[in-house]
Amino acid sequence: MATHSLKHALFCAVVTLIIAYPILGLDLEARGTSVVLAGADTATVVSVLAAALVVFVFQLFRHRILGSLGTMPSLNPFANREPMPQDKRQRLETIALVVLVVAALIWPFFVSRGAVDLATLVLIYIMLALGLNVVVGLAGLLDLGYVAFYAVGAYTFALLHQYFGVSFWVALPVGAGLAATFGLLLGFPVLRLRGDYLAIVTLGFGEIIRILLNNMTWLTGGPNGIGGIPDPTVFGMEFGRRVKEEGNVSFHEIFDVAYSGSHKIIVLYLIALVLALFTALVIRRFTKMPVGRSWEALREDEIAARSLGLSRTAVKLSAFTIGAFFAGFAGTVFASKQGFISPESFVFLESAIILAIVVLGGMGSQLGVILAAVAVIILPELAREFSEYRMLIFGAAMVLMMVWRPQGLLPMRRIHIEINKQE
Amino acid sequence: MQDVLYFLQQLINGLTIGSAYALIAIGYTMVYGIIGMINFAHGEIYMIGAYTALITITGLASLGVAWLPLVLLVALICAMLVSSSMGWAVERVAYRPVRGRHRLIPLISAIGMSIFLQNYVHLAQGSRNIGFPALIEGGFQFGAADSFQTSISYMQITIFITTLICMTVLSLFISRSRIGRACRAVSQDLGMANLLGIDTNRIISATFVIGAALAAVAGLLLGMYYGSIDPLFGFIAGLKAFTAAVLGGIGSIPGAMLGGLILGVSESMTSGYLSGEYKDVVSFGLLILILLFKPTGLLGKPEVEKI
């Protein structure tokens, strides 16, 4: 046993060296037209060797280390606690939710513009993640091209404004509706595919949409994108310094307050907050309706659900369409927030980030998904000095999360009825 | 006559790219055949193979080694070694602990691994694309000198022949060797193979190593063919190769070859007759159509749903 683990540890250390040294230790540098090889600095080489040593020691004493980890007291003191009674839990949840919403409403008036702007972005991701949560978390359909529907929403608003001068409030339902139509059209043929194929087809669809946006220059401006997308108005009031559209009035003139650049940002934040709340409430309602129950039923056991008379296509299609609808919703808000969109914003990585939020939060759990969206978007901003390593850490975190806590931060707890035990 | 020559040229280009896709597709198809997961990080392993090959070639050039067959052979061996180690390590770290869980979980782990590896190379080697020296130059020309000429470069011939050799060796390995037989047994029924005394963990590792080695070969070949590489170079190629694997019927090795060739030809026909920008649209569109009308792919076996 001892020689076996020694051999194994040695092998692992050598593999570490092989995969780390050529890529990290030897740098390719372009000098003019030719490429030369430069050795990296000593620190890198030493750390590669150190990494190999760590792997060696860990693999050698693997059983002992893992064994002692197992006997350590649990970090989470609540891990083995009985779950709270259901009515108490629901009451607590309601209180927490109300406090959260009130705090979110007051908060932007006391902080900097940058923070509010970031919060708006978080709200957009919350909308996206809640929508994807319906598709992946509740219905169990793996959609890797979710960003396509987001793009449809954003581009609908941008194009409608560019060609017809349509305002935000008209574009919002139109964009969401169009995204839902795309979802319906794509979903109809592909939803009978098995899980992994569905993932790849949706991924391909996402790429197709992005390539089309990139190349239909006559319509979408190609890689240059579309600019000049207006901010939302509230009852015909604009929040800029000057009124851009005829018939509108400006906010600071009507209320006779000094113009401030933060009005616009706060209003956008509040609109995003209202829309995110709307998304959350609508989806919450859906999960309690027969259609929501049938999503979960089909996810858990397709054959049983079908033998109880559920139509597989109809149920899956409804989830897919609703998910796409909210992506279009978020897309419209995003276009309005940025004022400029280009295909760059709708790459596969976006889909992966949204999926990571859903998985991190705990598939199906709304509160978990919201918390995860906050964490995934805010944490990289806080760690700006590590911005180079951001995506590296993001990828590693995705893997580690799957290995250690695949159920997510706050796993979904289904509503259930407890039957009193007979004494 | 000229049209025929033009068509031939597109066909040759397509078959060249397609055979390299087929090499990458083998990795996807074998892994899927055995553990039923999409190894999303496979494209990145191919990219790492290309980087290692370039590092080796540059290193040898600075040492003054100039004999071409030696340079290529050493680069190939180094690339295969690093890529297969990477494939092994990826399976060990990211896939083995999550094996057997809900099917979404390995897939997300794989996506995370893919993002990680992309950024690993990005941080270590920079994000700019680096020129890959064209070591094999020249070729044959057909057709009259004053009109369109069909050309086959030596590079294209090298890609063909290397792919052919790799595929033959792989087929022999799978059909004759002990490990190959074990691979087939595991892909038919993992649990049963385990009961019969096959070390399934080792076989799964072997699958990853073989797939990664073939991806490294493709990395060297396509790196030279395209003339430059960058850290994102694996992503699209990986998607294409996966498409090829699905086209041919995932889990089937001849299917991967057929799928790769079909994909390569349809791509080069699109860029030759329509526009280069739409070639990705055509290949993904082809994938969607195939899946709609023949979900098991061209050579795949129909799957029986057991209750």
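Each chain gets a letter, A, B and so on, in the order the sequences are listed, and its residues count up from 1. Please read these numbers as outputs of a predicted model, since none were measured by experiment.
Looking only at atom types and distance, the side chain of B:Tyr21 has a donor-acceptor partner in the side chain of B:Glu267 under 3.5 Å away. With hydrogens and angles left out, the side-chain atoms of B:Asn201 and B:Arg92 include no donor and acceptor closer than 3.5 Å.
Residue contact with chain B, scored on non-hydrogen atoms closer than 4.5 Å, involves the side chain of A:Leu144 exclusively. Only the side chain of B:Leu239 has a heavy atom closer than 4.5 Å to any heavy atom of chain A. Only the side chain of B:Leu123 comes within less than 4.5 Å of a heavy atom of chain A; its backbone N, CA, C and O stay farther away. Contacts of B:Val281 with chain A are made by both backbone and side-chain atoms, with heavy-atom separations under 4.5 Å. Residue A:Val201 touches chain B through both its backbone and its side chain, counting heavy-atom pairs closer than 4.5 Å.
The residue among B:Tyr95, B:Phe132, B:Phe235 with the most heavy atom pairs within less than 4.5 Å of chain A is B:Phe235. Most heavy-atom pairs under 4.5 Å with chain A, from the set B:Val82, B:Thr52, B:Val121: that is B:Val82. Note: B:Ile108 leads B:Leu287, B:Ile108, B:Ile130 in heavy-atom pairs under 4.5 Å with chain A.
Contact check on A:Glu302 versus A:Lys316 returns a salt bridge, with a Lys/Arg side-chain nitrogen under 4.0 Å from an Asp/Glu carboxylate oxygen. A salt bridge does not link A:Glu207 with B:Lys240: every distance from a Lys NZ or Arg NE/NH1/NH2 to an Asp or Glu carboxylate oxygen is 4.0 Å or more.
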